[in-house]
Protein chains: 2
Amino acid sequence: MAKVDTNKVMQQAERSCVEHGVRLTSKRKHILEVLLNAQAPRSAYEIADLYRQKTEENIPVMSVYRMLDFLMQNSLVHKLASNNKFIACAHIACSHSHQTPQFLICDNCQQVREIGVDKQLIHALEESIEHNHFQLNSPQLELHGLCETCQQDS
Amino acid sequence: MAKVDTNKVMQQAERSCVEHGVRLTSKRKHILEVLLNAQAPRSAYEIADLYRQKTEENIPVMSVYRMLDFLMQNSLVHKLASNNKFIACAHIACSHSHQTPQFLICDNCQQVREIGVDKQLIHALEESIEHNHFQLNSPQLELHGLCETCQQDS
DNA sequence: CAAATTATGATATATCATATCATTTCAATA
DNA sequence: TATTGAAATGATATGATATATCATAATTTG
(Lines give C-alpha, C1' and ligand atoms only; values in the text may rest on other atoms or scores of the structure.)
Protein backbone atom coordinates (compact mmCIF):
# COMPACT_ATOMS: atom_id res chain seq x y z
CA MET A 1 0.00 0.00 0.00
CA ALA A 2 2.87 2.29 0.82
CA LYS A 3 4.51 4.06 -2.10
CA VAL A 4 6.74 1.64 -3.87
CA ASP A 5 8.99 1.73 -6.87
CA THR A 6 6.99 -0.60 -9.05
CA ASN A 7 9.80 -1.19 -11.50
CA LYS A 8 12.24 -2.18 -8.85
CA VAL A 9 9.72 -4.46 -7.23
CA MET A 10 8.87 -6.11 -10.52
CA GLN A 11 12.53 -6.71 -11.25
CA GLN A 12 12.96 -8.33 -7.90
CA ALA A 13 9.83 -10.41 -8.45
CA GLU A 14 11.21 -11.65 -11.75
CA ARG A 15 14.55 -12.45 -10.21
CA SER A 16 12.87 -14.36 -7.44
CA CYS A 17 10.79 -16.40 -9.86
CA VAL A 18 13.82 -17.26 -11.94
CA GLU A 19 15.59 -18.39 -8.81
CA HIS A 20 12.72 -20.65 -7.91
CA GLY A 21 12.35 -21.99 -11.42
CA VAL A 22 8.83 -20.74 -11.92
CA ARG A 23 7.41 -18.63 -14.70
CA LEU A 24 6.30 -15.08 -14.15
CA THR A 25 4.30 -14.79 -17.35
CA SER A 26 3.23 -11.44 -18.68
CA LYS A 27 -0.33 -11.96 -17.49
CA ARG A 28 0.86 -12.81 -14.03
CA LYS A 29 3.03 -9.73 -14.13
CA HIS A 30 0.05 -7.59 -15.04
CA ILE A 31 -1.90 -8.97 -12.11
CA LEU A 32 0.93 -8.20 -9.75
CA GLU A 33 1.31 -4.70 -11.20
CA VAL A 34 -2.37 -4.06 -10.75
CA LEU A 35 -2.02 -4.90 -7.09
CA LEU A 36 1.13 -2.88 -6.68
CA ASN A 37 -0.63 0.17 -8.07
CA ALA A 38 -3.80 -0.38 -6.08
CA GLN A 39 -4.36 1.84 -3.09
CA ALA A 40 -6.14 -0.86 -1.13
CA PRO A 41 -6.74 -4.60 -1.19
CA ARG A 42 -8.77 -5.78 -4.16
CA SER A 43 -11.07 -8.68 -4.76
CA ALA A 44 -10.41 -11.08 -7.61
CA TYR A 45 -13.25 -9.52 -9.55
CA GLU A 46 -11.93 -6.02 -9.01
CA ILE A 47 -8.55 -7.21 -10.15
CA ALA A 48 -10.09 -8.59 -13.32
CA ASP A 49 -11.65 -5.18 -14.00
CA LEU A 50 -8.43 -3.33 -13.33
CA TYR A 51 -6.63 -5.75 -15.58
CA ARG A 52 -9.08 -4.97 -18.37
CA GLN A 53 -8.59 -1.25 -17.89
CA LYS A 54 -4.85 -1.59 -17.86
CA THR A 55 -4.40 -3.90 -20.83
CA GLU A 56 -7.67 -3.40 -22.73
CA GLU A 57 -7.82 -7.16 -22.83
CA ASN A 58 -10.46 -9.30 -21.31
CA ILE A 59 -9.46 -11.78 -18.64
CA PRO A 60 -11.64 -14.50 -17.13
CA VAL A 61 -11.99 -14.26 -13.39
CA MET A 62 -11.08 -17.92 -13.24
CA SER A 63 -7.68 -17.03 -14.62
CA VAL A 64 -7.29 -14.23 -12.13
CA TYR A 65 -7.82 -16.69 -9.30
CA ARG A 66 -5.25 -19.03 -10.76
CA MET A 67 -2.72 -16.27 -11.18
CA LEU A 68 -3.36 -15.05 -7.68
CA ASP A 69 -2.74 -18.59 -6.44
CA PHE A 70 0.54 -18.61 -8.28
CA LEU A 71 1.55 -15.24 -6.89
CA MET A 72 0.60 -16.29 -3.38
CA GLN A 73 2.55 -19.49 -3.61
CA ASN A 74 5.54 -17.41 -4.50
CA SER A 75 4.99 -14.92 -1.68
CA LEU A 76 4.37 -12.05 -4.03
CA VAL A 77 0.76 -11.61 -3.01
CA HIS A 78 -1.16 -12.22 0.20
CA LYS A 79 -4.80 -12.91 0.72
CA LEU A 80 -6.63 -11.15 3.50
CA ALA A 81 -8.97 -13.79 4.81
CA SER A 82 -11.00 -11.33 6.79
CA ASN A 83 -12.31 -9.54 3.73
CA ASN A 84 -11.52 -11.88 0.87
CA LYS A 85 -9.24 -9.45 -0.85
CA PHE A 86 -5.73 -9.61 -2.20
CA ILE A 87 -2.72 -7.40 -1.71
CA ALA A 88 0.80 -7.28 -3.08
CA CYS A 89 3.43 -8.28 -0.58
CA ALA A 90 5.03 -5.17 0.82
CA HIS A 91 8.43 -6.81 1.08
CA ILE A 92 9.11 -8.09 -2.38
CA ALA A 93 12.03 -5.76 -2.91
CA CYS A 94 13.42 -6.16 0.57
CA SER A 95 16.49 -8.26 0.84
CA HIS A 96 15.60 -9.89 4.12
CA SER A 97 13.77 -13.16 3.98
CA HIS A 98 10.03 -13.01 4.26
CA GLN A 99 8.58 -13.35 7.69
CA THR A 100 5.01 -14.22 8.31
CA PRO A 101 3.05 -11.17 7.32
CA GLN A 102 1.00 -9.19 9.79
CA PHE A 103 -1.60 -6.78 8.54
CA LEU A 104 -3.14 -3.69 10.00
CA ILE A 105 -6.36 -3.11 8.12
CA CYS A 106 -8.08 0.24 8.39
CA ASP A 107 -11.82 -0.33 8.57
CA ASN A 108 -12.47 3.22 7.42
CA CYS A 109 -10.28 3.79 4.37
CA GLN A 110 -9.44 0.11 3.76
CA GLN A 111 -5.76 0.80 3.48
CA VAL A 112 -3.52 -1.90 4.74
CA ARG A 113 -0.18 -1.68 6.41
CA GLU A 114 1.95 -4.78 6.32
CA ILE A 115 4.05 -4.69 9.43
CA GLY A 116 6.72 -6.79 10.97
CA VAL A 117 5.54 -7.66 14.40
CA ASP A 118 8.27 -8.03 16.94
CA LYS A 119 9.76 -11.48 16.59
CA GLN A 120 9.85 -11.93 20.33
CA LEU A 121 6.19 -11.29 20.43
CA ILE A 122 5.36 -13.78 17.73
CA HIS A 123 7.57 -16.22 19.49
CA ALA A 124 5.71 -15.68 22.73
CA LEU A 125 2.44 -16.16 20.93
CA GLU A 126 3.70 -19.40 19.47
CA GLU A 127 4.76 -20.60 22.89
CA SER A 128 1.41 -19.81 24.32
CA ILE A 129 -0.15 -21.82 21.54
CA GLU A 130 2.14 -24.75 22.08
CA HIS A 131 0.82 -24.92 25.59
CA ASN A 132 -2.43 -25.80 23.94
CA HIS A 133 -0.67 -28.58 22.07
CA PHE A 134 -1.38 -26.90 18.82
CA GLN A 135 1.02 -26.79 15.91
CA LEU A 136 0.87 -23.46 14.16
CA ASN A 137 0.97 -23.32 10.40
CA SER A 138 1.78 -19.75 9.79
CA PRO A 139 0.71 -17.07 12.15
CA GLN A 140 -0.58 -14.52 9.69
CA LEU A 141 -2.38 -11.93 11.75
CA GLU A 142 -5.04 -9.62 10.42
CA LEU A 143 -5.81 -6.80 12.76
CA HIS A 144 -8.65 -4.40 12.16
CA GLY A 145 -8.85 -0.85 13.36
CA LEU A 146 -8.23 2.73 12.29
CA CYS A 147 -5.12 4.06 10.62
CA GLU A 148 -3.49 7.27 11.76
CA THR A 149 -5.20 9.44 9.17
CA CYS A 150 -8.66 8.09 9.83
CA GLN A 151 -8.21 8.50 13.58
CA GLN A 152 -7.62 12.21 13.07
CA ASP A 153 -10.56 12.60 10.75
CA SER A 154 -12.98 11.19 13.27
CA MET B 1 -16.20 -27.48 20.10
CA ALA B 2 -15.21 -28.96 23.39
CA LYS B 3 -17.82 -31.03 25.16
CA VAL B 4 -20.29 -28.73 26.82
CA ASP B 5 -23.40 -29.09 28.88
CA THR B 6 -25.82 -27.66 26.38
CA ASN B 7 -28.61 -27.17 28.87
CA LYS B 8 -26.46 -25.22 31.23
CA VAL B 9 -25.10 -23.10 28.46
CA MET B 10 -28.56 -22.38 27.14
CA GLN B 11 -29.74 -21.36 30.56
CA GLN B 12 -26.85 -18.99 30.89
CA ALA B 13 -27.51 -17.64 27.43
CA GLU B 14 -31.11 -16.92 28.35
CA ARG B 15 -30.09 -15.28 31.58
CA SER B 16 -27.59 -13.12 29.75
CA CYS B 17 -30.17 -12.02 27.19
CA VAL B 18 -32.68 -11.14 29.90
CA GLU B 19 -30.02 -9.09 31.62
CA HIS B 20 -29.33 -7.18 28.46
CA GLY B 21 -32.99 -6.72 27.65
CA VAL B 22 -32.85 -8.60 24.37
CA ARG B 23 -35.00 -11.47 23.23
CA LEU B 24 -33.63 -14.95 22.79
CA THR B 25 -36.50 -16.23 20.68
CA SER B 26 -37.03 -19.92 20.14
CA LYS B 27 -35.63 -19.74 16.62
CA ARG B 28 -32.54 -17.98 17.86
CA LYS B 29 -32.24 -20.64 20.52
CA HIS B 30 -32.41 -23.37 17.93
CA ILE B 31 -29.64 -21.74 15.95
CA LEU B 32 -27.46 -21.51 19.01
CA GLU B 33 -28.20 -25.12 19.92
CA VAL B 34 -27.29 -26.26 16.44
CA LEU B 35 -23.91 -24.59 16.84
CA LEU B 36 -23.40 -25.93 20.34
CA ASN B 37 -23.98 -29.44 19.07
CA ALA B 38 -21.86 -29.02 15.98
CA GLN B 39 -18.43 -30.59 15.99
CA ALA B 40 -16.90 -27.87 13.89
CA PRO B 41 -17.65 -24.39 12.62
CA ARG B 42 -20.59 -24.24 10.24
CA SER B 43 -21.55 -21.94 7.41
CA ALA B 44 -24.86 -20.11 7.47
CA TYR B 45 -26.20 -22.49 4.84
CA GLU B 46 -25.09 -25.54 6.80
CA ILE B 47 -26.75 -24.09 9.85
CA ALA B 48 -29.99 -23.69 7.90
CA ASP B 49 -29.80 -27.37 6.92
CA LEU B 50 -29.09 -28.48 10.47
CA TYR B 51 -31.94 -26.34 11.67
CA ARG B 52 -34.28 -28.08 9.26
CA GLN B 53 -33.11 -31.49 10.43
CA LYS B 54 -33.51 -30.55 14.04
CA THR B 55 -36.89 -28.88 13.90
CA GLU B 56 -38.36 -30.29 10.68
CA GLU B 57 -39.17 -26.71 9.83
CA ASN B 58 -37.87 -24.75 6.94
CA ILE B 59 -35.86 -21.64 7.64
CA PRO B 60 -34.72 -19.05 5.10
CA VAL B 61 -30.99 -18.52 5.01
CA MET B 62 -31.68 -14.82 5.24
CA SER B 63 -33.17 -15.43 8.67
CA VAL B 64 -30.22 -17.53 9.70
CA TYR B 65 -27.89 -14.66 8.88
CA ARG B 66 -30.01 -12.29 10.90
CA MET B 67 -30.13 -14.61 13.86
CA LEU B 68 -26.42 -15.15 13.67
CA ASP B 69 -25.97 -11.39 13.71
CA PHE B 70 -28.08 -11.21 16.82
CA LEU B 71 -26.15 -14.00 18.50
CA MET B 72 -22.85 -12.39 17.59
CA GLN B 73 -23.92 -9.03 18.91
CA ASN B 74 -24.64 -10.73 22.18
CA SER B 75 -21.33 -12.60 22.25
CA LEU B 76 -22.99 -15.98 22.01
CA VAL B 77 -21.56 -16.79 18.61
CA HIS B 78 -18.37 -15.82 16.81
CA LYS B 79 -17.64 -15.64 13.12
CA LEU B 80 -14.41 -17.04 11.80
CA ALA B 81 -13.44 -14.62 9.07
CA SER B 82 -10.83 -16.93 7.67
CA ASN B 83 -13.33 -19.52 6.53
CA ASN B 84 -16.68 -17.77 6.67
CA LYS B 85 -18.08 -20.06 9.31
CA PHE B 86 -19.73 -19.62 12.64
CA ILE B 87 -19.09 -21.14 16.03
CA ALA B 88 -20.75 -20.97 19.43
CA CYS B 89 -18.77 -19.01 21.97
CA ALA B 90 -16.92 -21.43 24.21
CA HIS B 91 -17.32 -19.23 27.25
CA ILE B 92 -21.04 -18.65 27.48
CA ALA B 93 -21.34 -20.53 30.74
CA CYS B 94 -18.17 -19.11 32.23
CA SER B 95 -18.61 -16.49 34.85
CA HIS B 96 -15.67 -14.35 33.82
CA SER B 97 -16.33 -11.53 31.43
CA HIS B 98 -15.70 -12.20 27.78
CA GLN B 99 -12.29 -11.30 26.47
CA THR B 100 -11.52 -10.96 22.83
CA PRO B 101 -11.66 -14.46 21.43
CA GLN B 102 -8.64 -16.19 19.98
CA PHE B 103 -9.10 -19.24 17.83
CA LEU B 104 -6.91 -22.17 17.02
CA ILE B 105 -8.29 -23.70 13.85
CA CYS B 106 -7.19 -27.18 12.83
CA ASP B 107 -6.75 -27.25 9.08
CA ASN B 108 -7.09 -31.02 9.06
CA CYS B 109 -10.19 -31.83 11.10
CA GLN B 110 -11.59 -28.28 11.16
CA GLN B 111 -12.10 -28.36 14.89
CA VAL B 112 -11.63 -25.09 16.65
CA ARG B 113 -10.31 -24.37 20.06
CA GLU B 114 -11.23 -21.02 21.55
CA ILE B 115 -8.41 -20.05 23.80
CA GLY B 116 -7.61 -17.23 26.11
CA VAL B 117 -4.33 -15.81 25.03
CA ASP B 118 -2.26 -14.37 27.80
CA LYS B 119 -3.44 -10.85 28.48
CA GLN B 120 0.10 -9.60 28.75
CA LEU B 121 0.76 -10.90 25.32
CA ILE B 122 -2.26 -9.25 23.79
CA HIS B 123 -1.27 -6.11 25.56
CA ALA B 124 2.21 -6.31 24.10
CA LEU B 125 0.74 -6.87 20.69
CA GLU B 126 -1.41 -3.80 21.12
CA GLU B 127 1.57 -1.74 22.14
CA SER B 128 3.52 -2.89 19.16
CA ILE B 129 0.63 -1.82 17.01
CA GLU B 130 0.35 1.55 18.64
CA HIS B 131 3.93 2.16 17.60
CA ASN B 132 2.53 2.04 14.10
CA HIS B 133 0.01 4.68 15.11
CA PHE B 134 -2.81 2.28 14.54
CA GLN B 135 -5.88 2.08 16.70
CA LEU B 136 -6.99 -1.49 17.14
CA ASN B 137 -10.64 -2.39 17.01
CA SER B 138 -10.69 -5.82 18.49
CA PRO B 139 -7.77 -8.14 18.26
CA GLN B 140 -9.58 -11.35 17.38
CA LEU B 141 -6.90 -13.75 16.25
CA GLU B 142 -7.49 -16.74 14.03
CA LEU B 143 -4.56 -19.08 13.97
CA HIS B 144 -4.38 -22.01 11.61
CA GLY B 145 -2.50 -25.21 12.19
CA LEU B 146 -2.88 -28.77 13.43
CA CYS B 147 -4.57 -29.86 16.62
CA GLU B 148 -3.00 -32.41 18.90
CA THR B 149 -4.90 -35.34 17.47
CA CYS B 150 -4.15 -34.50 13.88
CA GLN B 151 -0.46 -34.01 14.64
CA GLN B 152 -0.29 -37.55 15.90
CA ASP B 153 -2.16 -38.95 12.94
CA SER B 154 0.25 -37.46 10.45
C1' DC C 1 9.46 -30.92 -34.47
C1' DA C 2 6.87 -33.97 -31.34
C1' DA C 3 5.58 -34.90 -26.90
C1' DA C 4 4.91 -33.42 -22.48
C1' DT C 5 4.04 -29.97 -19.37
C1' DT C 6 2.30 -25.70 -17.96
C1' DA C 7 -0.71 -21.86 -18.57
C1' DT C 8 -4.91 -19.94 -19.92
C1' DG C 9 -9.79 -19.85 -21.69
C1' DA C 10 -14.68 -20.99 -21.49
C1' DT C 11 -18.55 -22.48 -19.20
C1' DA C 12 -21.11 -23.90 -15.49
C1' DT C 13 -22.17 -23.97 -10.92
C1' DA C 14 -21.40 -23.87 -5.94
C1' DT C 15 -21.03 -21.00 -2.00
C1' DC C 16 -21.39 -16.86 0.82
C1' DA C 17 -23.88 -12.62 1.74
C1' DT C 18 -26.95 -8.51 1.51
C1' DA C 19 -30.92 -5.49 -0.01
C1' DT C 20 -35.64 -4.76 0.23
C1' DC C 21 -40.31 -5.08 1.06
C1' DA C 22 -44.04 -7.91 3.18
C1' DT C 23 -45.95 -10.26 7.06
C1' DT C 24 -46.15 -11.96 11.66
C1' DT C 25 -45.38 -11.81 16.53
C1' DC C 26 -45.15 -9.66 20.79
C1' DA C 27 -45.27 -6.33 24.31
C1' DA C 28 -46.72 -1.91 26.00
C1' DT C 29 -50.43 0.89 27.12
C1' DA C 30 -54.59 3.47 26.49
C1' DT D 1 -58.84 -6.23 25.86
C1' DA D 2 -58.19 -3.85 21.62
C1' DT D 3 -54.82 -0.88 19.48
C1' DT D 4 -50.70 0.08 17.90
C1' DG D 5 -45.84 0.31 17.32
C1' DA D 6 -41.59 -2.08 17.35
C1' DA D 7 -39.05 -6.11 16.66
C1' DA D 8 -38.63 -10.48 14.43
C1' DT D 9 -39.17 -13.31 10.62
C1' DG D 10 -40.40 -14.57 5.77
C1' DA D 11 -40.07 -14.19 0.77
C1' DT D 12 -37.76 -12.93 -3.18
C1' DA D 13 -34.14 -11.24 -5.76
C1' DT D 14 -29.61 -10.47 -6.61
C1' DG D 15 -24.76 -9.54 -5.80
C1' DA D 16 -20.17 -11.23 -4.54
C1' DT D 17 -16.83 -14.78 -3.90
C1' DA D 18 -14.94 -19.14 -5.35
C1' DT D 19 -14.23 -23.77 -7.46
C1' DA D 20 -14.80 -27.74 -10.81
C1' DT D 21 -13.99 -29.31 -15.21
C1' DC D 22 -12.92 -29.79 -19.79
C1' DA D 23 -10.89 -27.46 -23.86
C1' DT D 24 -7.25 -24.89 -26.07
C1' DA D 25 -2.86 -22.42 -26.41
C1' DA D 26 1.85 -21.57 -25.24
C1' DT D 27 6.28 -23.10 -23.73
C1' DT D 28 9.81 -26.26 -22.61
C1' DT D 29 12.46 -30.17 -23.48
C1' DG D 30 14.17 -34.33 -25.56
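Proteins come first, then strands; the chains are lettered A, B, ... in the order of their sequence lines, and each starts at number 1. Just so it is clear, the values below take in all heavy atoms, side chains as well, and ignore hydrogens, waters and symmetry mates.
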- [ ] Answer yes when Arg52(A) and Asp49(A) have at least one side-chain N-carboxylate O distance shorter than 4.0 Å, and no when they do not.
- [x] yes
Open item on the list: From NZ of Lys29(A) over to C1' of dT8(C), roughly how many Å is that when rounded to an integer?
Closed with: 17 Å
Open item on the list: If I take atom CD in residue Glu46(B) and atom P in nucleotide dA17(C), what distance separates them, rounded to the nearest angstrom?
Closed with: 11 Å
Task: Shortest non-hydrogen contact from Leu136(A) toward Glu126(A) - done: CD2-CG, 3.8 Å
Open item on the list: Side chain of Thr25(A) only, heavy atoms from C-beta on: which candidate in dT8(C), dC26(C), dT27(D) is closest?
Closed with: dT8(C)
Open item on the list: Under 4.0 Å, heavy atoms only, any strand: does Met62(A) hit a base, just the sugar-phosphate, or nothing?
Closed with: base
Task: Nearest-angstrom distance from the residue atom CG of Leu80(B) to P of dA17(C) - done: 11 Å
Open item on the list: Are Met72(A) and Val22(A) linked, directly or through intermediate hydrophobic residues, by side-chain heavy-atom contacts shorter than 4.5 Å (ILVMFWY only)?
Closed with: yes
TODO: Select base, sugar-phosphate, or nothing to describe what Arg66(A) touches, counting heavy atoms under 4.0 Å on all strands.
DONE: base
- [ ] Return no unless some side-chain N or O of Arg28(A) is found under 4.0 Å from OP1 or OP2 of dA7(C).
- [x] yes
Open item on the list: Does a side-chain N or O of Asn84(B) approach OP1 or OP2 of dT17(D) to a distance below 4.0 Å, or not?
Closed with: no
- [ ] Check whether more than 12 heavy atoms from other residues, nucleotides or ligands sit under 6.0 Å from atom NZ of Lys8(B), and answer yes or no.
- [x] no
TODO: Kindly point out which of dG10(D), dA18(D), dT28(D) is positioned nearest to the side chain of Met67(B)?
DONE: dG10(D)
Task: Sidechain-backbone polar pair: Glu142(B) side chain, Ser82(A) backbone, donor-acceptor under 3.5 Å - done: no
- [ ] Quickly work out the Lys27(B) NZ to dA11(D) P distance and round it to whole Å.
- [x] 9 Å
Task: Ser63(B) vs Tyr45(A), nearer the 5' end of DNA chain D by closest nucleotide - done: Ser63(B)
- [ ] Report the distance from atom CG of Leu68(A) to atom P of dT8(C), rounded to the nearest whole Å.
- [x] 12 Å
Task: Distance in angstrom units between Lys79(A) NZ and dA16(D) P, rounded - done: 16 Å
Open item on the list: dT15(C), OP1 or OP2 - any side-chain N/O from Ser43(B) closer than 4.0 Å?
Closed with: no
Open item on the list: Between P on dT18(C) and CG on Asn83(A), what's the gap in Å once rounded to a whole number?
Closed with: 13 Å
Task: Atom-to-atom span, OH of Tyr65(B) to P of dG15(D) - whole angstrom - done: 17 Å
